[in-house]
Amino acid sequence: MIDLKLLNRDFDGVVTKLQKKRVSEEVLESLKGRYLQLKDIRTKLENAQATQNEKSKLFQVYMREKRDISELKIEVSENKRLIAELSEELRISEESLGELLLNIPNIPHDSVPDGESEDDNVELEKVGEPRKFSFEPKPHYELGENLNWLDFERGIKLAKSRFTVVKGVGARLERALINYMLDHNRECGFDEVSVPVITNSTSLYGTGQLPKFEDDLFKIEGEELYLIPTAEVSLTNMFADEIIDGDELPIQLTSATPCFRKEAGSGGRDVRGIIRQHQFYKVELVSITKPEESYEMLDKMVECVSSLLTNLGLPHRKVQLCGGDLGFSASKTVDIEVWIPSQGKYREISSISNTEDFQARRAKIRYRDGKKNRLAHTLNGSSLAIGRTIVAIMENYQNENGEIAIPDVLTKYL
RNA sequence: GGACAGAUGGGUGAGUUGGCUGAAACCACUUCCCUGCUAAGGAAGCGUAUUCGUAAGGGUACCGAGGGUUCGAAUCCCUCUCUGUCCGCCA
């Protein structure tokens, strides 16, 4: 969540910055109003509580001196009523503030370009040249069915649409990619961990998936538990409610997990193939850093992912997201898009974000900086979405008879 | 799933006739003193959040979570969650 003190201190500045994320001034006005109201009520309540504490202490004095306490009792019980009233007011005020606050997106970094949609994103760098085909490249789903790597019908039979069974060399390729990426990330300085793929709602609030994006999550019936949409949830929330020793930063973690998304609202998009699935493997990177080091870390993570694609021989480009395309929790995001020959365009395969202290504030991830406790910065990025990497390899490495070459770096993993 | 037990500060662990305990003591940690040296001794400090204050320093809340009783609760009552042990069950 955003910093209410900052909102109060520099209202116009926050308004201007959040315009990039299409947050209206009225909403922020209302948020600030509720914050000030809350502070006011809290002050009144605390004063009343101070009185109560003081008076309560008199009782033992009176009783020791055998003085009459009936008058004191009346006085105090009136104050007690006041406390009850104020507490109720405070509760309502907190609720109303929280409702609004939890739905306000993060403040974008100054470098974020203004824009409405992905069309306004800014290309930072192209890496590698798309291959010139002497034939018409086939889409991965055709290749995959012909090679018997992808079994769409059985995926649907087992679950429903947007689930796929991966077979044969395809399945082995999936496993090889996971292993290769984890090894690569380790070389980049990320420690491998294995995490739960089900988390509680508190964790999902912490990283910002809840309350706003409940519709996109698979929930376990009858429990406050959800299948994770990304390992970012598990990895980041490992440090929720903790105060990390400053010497231990930065923390850099990587984990391979299945991810589950309902893809609500994406009806009709990428219906063919495995670009958009309800379940897919992804290798994730998460970093926890000191505030002054987080943008350096963002660059490092982008490079780690980019080099992964370079090593796989996949042409890609780095794109900085514009305000309108920026995710809810992100302050700055660099997407990495890989060349998809059958579509003749670059498609997102990784998204690397610095959320600054947005998630840290929600999840209470702090570190000890000398004597003081400060909010850490959290970053996350895919490295990579396995399904989409398979798509990219299939399409970029296909030859005319429909066979697929395997990138050199993977041969030792297959 | 069944039966017990428990949940206190970084750790161990006091505190259950309700008030002087936001919390003893010990350990760890920090600073200083002493000591001719990787030991020992001594002094002080050392939870989180929030609020007021330039600061010093106050206030408020928090002893798993939420409610209740009371002028007042870590201490009494209720509900929930989690953890441990034993049994059953399954990888």
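Note on naming: letters A, B, ... go to the chains in the order of the sequence lines (proteins, then strands), and numbering restarts at 1 for each one.
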Test ring-ring contact (aromatic ring centres under 6.0 Å, His included) applied to A/Phe190 - qualifying residues, sequence neighbours left out: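 If we apply the ring-ring contact (aromatic ring centres under 6.0 Å, His included) test to A/Phe190, skipping adjacent residues, there are no hits.
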Under the ring-ring contact (aromatic ring centres under 6.0 Å, His included) test, residues paired with A/Tyr62 that sit two or more places apart: none
My understanding is that only residues two or more places apart in sequence, or in another chain, count here; which of them pass salt bridge (Lys or Arg N to Asp or Glu O under 4.0 Å) with [X]?
X        : result
A/Lys290 : none
A/Lys167 : A/Asp151
A/Arg317 : A/Glu123, A/Glu337
A/Arg175 : none

With [X], which residues qualify under side chain to side chain donor-acceptor pair (under 3.5 Å), at least two apart?
X        : answer
A/Asp120 : none
A/Arg361 : A/Asp357
A/Thr254 : A/Asn185

Contact list for RNA chain B against residues 33-47 of chain A - heavy-atom distance below 4.0 Å: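 Output list: A/Tyr35, A/Lys39, A/Arg42, A/Glu46.
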Residues in contact with RNA chain B, drawn from residues 79-96 of chain A - heavy-atom cutoff 4.0 Å: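 Those residues whose heavy atoms fall under 4.0 Å from RNA chain B, taken from residues 79-96 of chain A in numerical order, are A/Lys80.
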Nucleotide range of RNA chain B lying under 4.0 Å from chain A heavy atoms: B/G19 to B/G72
Exercise: do A/Arg368 and A/Asn373 side chains pair donor with acceptor under 3.5 Å: yes
